[in-house]
Amino acid sequence: MQLLKRKSIIFAVLILVPIVIFFVSLGIGRYTIPLDRSCKILFSQIFDIQQTWEDVEKTVIINLRLPRILLALLIGAGLSVSGASFQGMFRNPLVSPHILGVSSGAGFGGVIAMILFKNSSLVFISAFCFGLLSILIAFFFSKTKRKITTLSLVLSGVIVSAFFTSLISLVKFVADPVDELPSIVFWLMGSFSGASYEKVKLIAIPMIGCITILFLLRWRINILSLGEDDVKALGLNPNTLRWLVILPVTVIVSLSVSVSGMIGWVGLAIPHICRMIVGNDHRILIPCSISVGAVYMMLMDDLARSLTAAEIPLGVLTALIGIIIFGFLLKRTRGGGLFES
Amino acid sequence: MKVEIKNASFSYSDSDYLFKDLDLSIRESDIVSILGPNGTGKTTFIKCILGLLNFRSGEIRINDRVFKKNSVFGYVPQTHNMNVPYTAFEMALMGRARFIGTFSKPGKNDMNITHQMMEKVGIIDLKDRMFNTLSGGERQLVLTARALASECGLLIMDEPTSALDFKNQYKTLNMIKEVAVEHRISILFTTHQPEHALYVSGKTLLMGGEHFNYFGETTEVISEENLKKIYGLNTKIVEISHEMGISKAVVPIME
């Protein structure tokens, strides 16, 4: 009973905190709007509320901030749950969702489209397709004698990642240094400044779908984390199970790079921070990662758009702050004990 | 469960066979032991049966059918030195995996069965301990409970007594006996102690390299002559009568 109570408290916190942060974020930015007014503006979209705000406030919240916050929420949750799943599956705490080279592939797809087509929807499509392509390449290299081991998968991920990173450098080199290079560099650093309802609509359903799949697989990920022999001895097929995890993660990472560039460290640091708080059982770790990832990304985006007059690239912020929090927690909890000897 | 293995061979290269043309048959509730010097392929043989490795040739028949998937075998490996960040109960609960849908998690029934099996094996007190803080012997017992929770027809144990003290060795052997009868499952285990084979197993497979494999009734297979052939060691097998009956002991005779 005590345990059940504790569990429901944890779940309540995991659901409530993102909601609170969501509403708070609406008011934060260069143009500050009080919480009650921003909530009223949001609900006026659904309910009939007498207008007590200025039109410009409504534009800021509905047209600018809301799509950004929704994207941040989705992508934060997605990257973080991907990281948690991969760390469990690869049995390695140093793994991030970028390990298989998907984000480098998607990054390359994005920058090449920026140079060739200069059209933002083509950038999105190209980035997404190259993300999927890179997992196919990783799959091709890791397949030896009709068998795939996690080690060969990680190694071929390193190959794919290095390959596309070099190609990105090549694109940067040939790009016009006045016109194209700055936009490529900023795009790669990650930002939600290009957020729109189109993008939210495009990614919302696949993103939520993939997060749900990983959420439902959470007990299976516990088993996967025991290693291949154990999975087989328990009568399950490790290969099928692995791809059930890899595919949603690939889609999540490709989508997130497509709409917001490369945002690092969320998928590595957040699951770790969650491990240190709730432990290593993925049944609780996965929901925790979803919630904390969403909260973290919304907060980082709040900072990115409010700290200085010019926007700070989001990827820089997530890495900087993520590392600092991570470092302090590491020192306090001595690592949290994932697969350490 | 009736399990038959016919003409099983294994080699890492094309010429050097670890074992060749092995036959083994296990009937329901049978306890079969595998005995042999280090490096003769006992663990490899077990892994092949489990499908973790593949026989070079040979087939496995279960209840007279050729068998493809290993989901019906429980496995207790020799050392589980991997550091698992779960409690003993969580670990044992994973035995239920094949009854639980890919997208769901264990329910009340699974918890109850796991609880029962941990009680049966005598480790219910360790329930909430972290698996990686347990001793080698305790880990093996947790994995035994996990295998039992999987409702396997054949339980395969790799040296279940090697990490245990003198008393716990026999406690485990007695548990093996009980489990085989009560759950009507067959048990295959490896050991380095001929006396353990004599104590619990009806049949024994002696593995002594490519050309020396004997399978049959334990009392016939474990003979002074066969032990000499396989270990190159002189032994005397003696019978000792006591108030509970007769026990056999294998005494090495050193020059």
Side-chain angles (χ1 to χ4, degrees), chain A residues 2-4 7 87-88 91-93 145-147 149 209 212-245 248 272 275-276 278-287 333 335-341, chain B residues 43 46-54 68-87 89-107 110-111 128 130-133 142-143 146-147 149-158:
Chain A
Q2 197 72 35
L3 202 78
L4 207 74
K7 238 173 135 182
Q87 285 169 5
R91 303 172 53 202
N92 187 333
K145 283 187 191 167
R146 290 200 280 154
K147 231 180 107 178
T149 62
T212 309
I213 292 175
L214 292 175
F215 175 76
L216 291 175
L217 282 171
R218 62 201 187 283
W219 192 62
R220 281 291 201 263
I221 294 173
N222 272 354
I223 296 177
L224 261 181
S225 77
L226 299 183
E228 173 141 2
D229 278 7
D230 270 59
V231 179
K232 276 192 188 167
L234 290 174
L236 307 177
N237 184 338
N239 255 333
T240 319
L241 213 51
R242 232 179 262 150
W243 286 102
L244 266 177
V245 175
H272 252 293
R275 268 175 216 285
M276 293 170 193
V278 299
N280 288 302
D281 185 346
H282 292 84
R283 276 185 294 179
I284 177 77
L285 179 68
I286 293 281
T333 62
L338 176 74
F339 314 122
E340 65 185 3
S341 43
Chain B
T43 301
I46 281 179
K47 285 192 168 174
C48 288
I49 299 175
L50 285 160
L52 303 179
L53 292 168
N54 292 319
K68 296 246 160 55
K69 245 181 118 217
N70 63 316
S71 57
V72 279
F73 297 161
Y75 179 41
V76 181
Q78 200 174 67
T79 45
H80 209 285
N81 47 18
M82 189 187 82
N83 280 297
V84 185
Y86 307 118
T87 63
F89 184 78
E90 281 301 323
M91 215 35 199
L93 185 61
M94 291 183 194
R96 303 295 301 163
R98 63 193 182 91
F99 301 104
I100 296 167
T102 305
F103 295 109
S104 46
K105 57 195 183 82
D110 301 306
M111 307 258 189
D128 297 320
M130 292 305 284
F131 186 77
N132 47 15
T133 65
V142 173
L143 296 179
R146 184 177 83 174
S150 77
E151 296 178 22
C152 53
L154 173 67
L155 175 58
I156 300 179
M157 306 173 89
D158 201 359

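Every chain is numbered from 1 and lettered A, B, ... according to where its sequence line falls, protein lines coming before strand lines.
- A distance of 8.5 Å separates CE in B:M94 from CG in A:L234, rounded to the nearest 0.5 Å.
- The shortest heavy-atom contact between A:R283 and B:P106 is NH1-CG, 4.0 Å.
- To the nearest 0.5 Å, the span separating CD1 on B:I100 from CZ on A:R220 amounts to 7.0 Å.
- Between B:R146 and A:D230 the shortest side-chain heavy-atom distance falls below 4.5 Å.
- A 4.5 Å side-chain heavy-atom check between A:T212 and B:F103 finds every atom pair outside the cut-off.
- Proximity to chain B is absent for every atom of A:N237, based on heavy atoms less than 4.5 angstrom apart.
- Two residues are said to be in side-chain contact when any heavy atoms from C-beta on lie closer than 4.5 Å; B:Y86 and A:H282 meet this criterion.
- Annotation: side chain of A:L241 is in contact with side chain of B:T102 (closest heavy-atom distance under 4.5 Å).
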Legend entry - B:F73 vs A:K232, side chain to side chain contact (heavy atoms under 4.5 Å, CB included): CA-CA, chis, key distance, verdict: CA-CA 10 Å; B:F73 297 161; A:K232 276 192 188 167; over 6 Å; no
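- For B:L93, the parts lying near chain A are the backbone and the side chain together; criterion is any non-hydrogen pair under 4.5 Å.
- For the atom pair A:I223 CD1 and B:M91 CE, the distance stands at 10.0 Å (nearest 0.5 Å).
- For B:T87, no part lies near chain A; criterion is any non-hydrogen pair under 4.5 Å.
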